[in-house]
Asker: 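Following this message is one structure expressed as structure tokens.
This is a predicted model, so every value here is computed, not measured.
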Amino acid sequence: LHVLSVSYNCCSRLLLALHCSKPDRMIPLSDYQKIGIGLSGFGIVFLFLGTVLFFDRGLLAMGNILFIAGLAFVIGMERTFKFFFQARKARATGCFMGGILIVLLGYPVIGMLVELYGFFLLFKGFLPVAVNFLRRVPIIGNILNLPGLRSLMARVEEGSSSMA
């Protein structure tokens with residue numbers, strides 16, 4: 001009986017220590033940022049479903065709107081406008097927004113291709129960071145370090161860092 005109470009006491013101390021230390025490491029989020037993360041997540045889900053269900057125009061349009069609204073909630077309206085409407089990102093923003101417009105007009109495959117090109121142009125500076133992060137993930141890192149993919153990822157990192 002004494003052993004059980006000691007182990008219970010140790011477990012409860014461990015859980016209390018984990019519970020108390022966890023909020024210190026977490027990034028504090030405002031309510032607007034939490035809403036934005038939810039909207040962006042639903043946007044990504046709708047975009048995925050719209051693509052899987054043979055480029056369903058309604059799902060793709062809803063996904064685009066939710067994703068952009070979520071981005072605005074997460075980083076704020078001013079930063080969103082500053083991000084999209086920079087002079088050096090005019091072509092990227094035009095392709096991204098034009099792709100959304102083409103999807104809304106009823107040509108989802110063409111619109112998604114234009115939108116994907118704009119998305120790549122907008123976020124190409126983030127690619128080296130994403131590739132380095134993915135290389136550290138256990139299973140994905142092993143896949144990315146295969147001979148053919150390693151050289152491709154190296155070219156993506158070099159090309160993105162020189163274009164940014």
Asker: Within this structure, what is the OG1-CE distance for the pair T51 and M112, rounded to the nearest 0.5 Å?
Answerer: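 With rounding to 0.5 Å, OG1 (T51) is 4.5 Å from CE (M112).
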Asker: Do you reckon I44 sits in the same ILVMFWY cluster as F83, going by side-chain contacts under 4.5 Å, direct or chained?
Answerer: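 Yes.
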Asker: Determine the minimum heavy-atom distance between C95 and G118, stating which atoms define it.
Answerer: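 Result for this residue pair: CB-CA, 3.7 Å.
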Asker: Rounded to the nearest 0.5 Å, what separation is found between the CG atom of L53 and the CG atom of L60?
Answerer: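 Going from the CG atom of L53 to the CG atom of L60 covers 9.5 Å.
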Asker: Any donor-acceptor pair under 3.5 Å linking the side chain of S151 with the backbone of G148?
Answerer: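 A pair under 3.5 Å: yes.
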Asker: Quick one: CZ on R88 to OG1 on T93, what's the gap to the nearest 0.5 Å?
Answerer: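 Answer rounded to 0.5 Å: 10.5 Å.
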Asker: Should F46 and F73 be counted in the same cluster of Ile, Leu, Val, Met, Phe, Trp and Tyr side chains packed under 4.5 Å apart?
Answerer: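 Result: yes, single cluster for both.
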Asker: Does L122 reach the side chain of F84, with side-chain heavy atoms less than 4.5 Å apart?
Answerer: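 Yes; the side chains approach each other to less than 4.5 Å.
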Asker: Work out which heavy atom in E115 is nearest to a heavy atom in V103; give both atom names and the distance.
Answerer: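 Distance-wise, the nearest heavy atoms are OE1-CG2, 4.3 Å.
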Asker: Would you mind reporting whether M97 and I68 have side-chain heavy atoms less than 4.5 Å apart?
Answerer: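 Yes, their side chains come closer than 4.5 Å.
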Asker: Please report the C-alpha distance between F67 and I100 in whole Å, then the side-chain angles of each, then the deciding distance to 0.1 Å, and finally whether the side chain to side chain contact (heavy atoms under 4.5 Å, CB included) criterion is met.
Answerer: CA-CA 11 Å; F67 181 76; I100 292 172; over 6 Å; no
Asker: Considering non-hydrogen atoms only, spot the tightest contact between A72 and T80 and give its length.
Answerer: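 Result for this residue pair: CA-OG1, 3.3 Å.
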Asker: Give the minimum heavy-atom separation between M153 and R135, together with the two atoms involved.
Answerer: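 Closest approach of M153 to R135, heavy atoms only: CB-NH2, 3.2 Å.
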Asker: Can V109 be reached from V114 by stepping across I, L, V, M, F, W or Y side chains whose heavy atoms are under 4.5 Å apart?
Answerer: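 The answer is no; the residues belong to distinct hydrophobic clusters.
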Asker: With side-chain contact (heavy atoms from CB on, under 4.5 Å) as the test, pick out the partner of M62 among L66, L59, N64.
Answerer: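 Among L66, L59, N64, the one meeting side-chain contact (heavy atoms from CB on, under 4.5 Å) with M62 is L66.
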Asker: Could you state whether L29 and I75 fall into the same hydrophobic cluster, counting links through intermediate Ile, Leu, Val, Met, Phe, Trp or Tyr residues with side-chain heavy atoms under 4.5 angstrom apart?
Answerer: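 Result: yes, single cluster for both.
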Asker: Parallel, tilted or perpendicular: which describes the rings of F123 and F119, with under 30° parallel and over 60° perpendicular?
Answerer: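 Because their plane-to-plane angle lies in the 30° to 60° range, the rings of F123 and F119 count as tilted.
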Asker: Could you please spell out the steps behind the side chain to side chain contact (heavy atoms under 4.5 Å, CB included) verdict for I143 and L149?
Answerer: CA-CA 8 Å; I143 294 171; L149 288 176; 3.8 Å; yes
Asker: Is the closest side-chain heavy-atom distance between L127 and F120 below 4.5 Å?
Answerer: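 Yes, at least one pair of side-chain atoms sits under 4.5 Å.
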Asker: As an exercise, state the distance from CG of L105 to CD1 of I110, rounded to the nearest 0.5 Å.
Answerer: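 These two atoms lie 11.0 Å from each other.
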Asker: Could you state the interatomic distance from NZ (K82) to NZ (K89), rounded to the nearest 0.5 Å?
Answerer: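 One gets 13.0 Å once the value is rounded to the nearest 0.5 Å.
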Asker: Would you say F96 and F81 are hydrophobically clustered, going by side-chain heavy atoms of ILVMFWY under 4.5 Å?
Answerer: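 Per the 4.5 Å side-chain linkage, F96 and F81 are co-clustered.
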Asker: Report, as yes or no, whether the 6.0 Å neighbourhood of atom OH on Y107 holds more than 12 heavy atoms from other residues, nucleotides or ligands.
Answerer: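 Counting neighbours around OH of Y107, 12 or fewer heavy atoms of other residues, nucleotides or ligands fall under 6.0 Å, so no.
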Asker: Find the distance between CG (N145) and CG (L134) and round it off to the nearest 0.5 Å.
Answerer: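 Nearest 0.5 Å value for the CG-CG distance: 11.0 Å.
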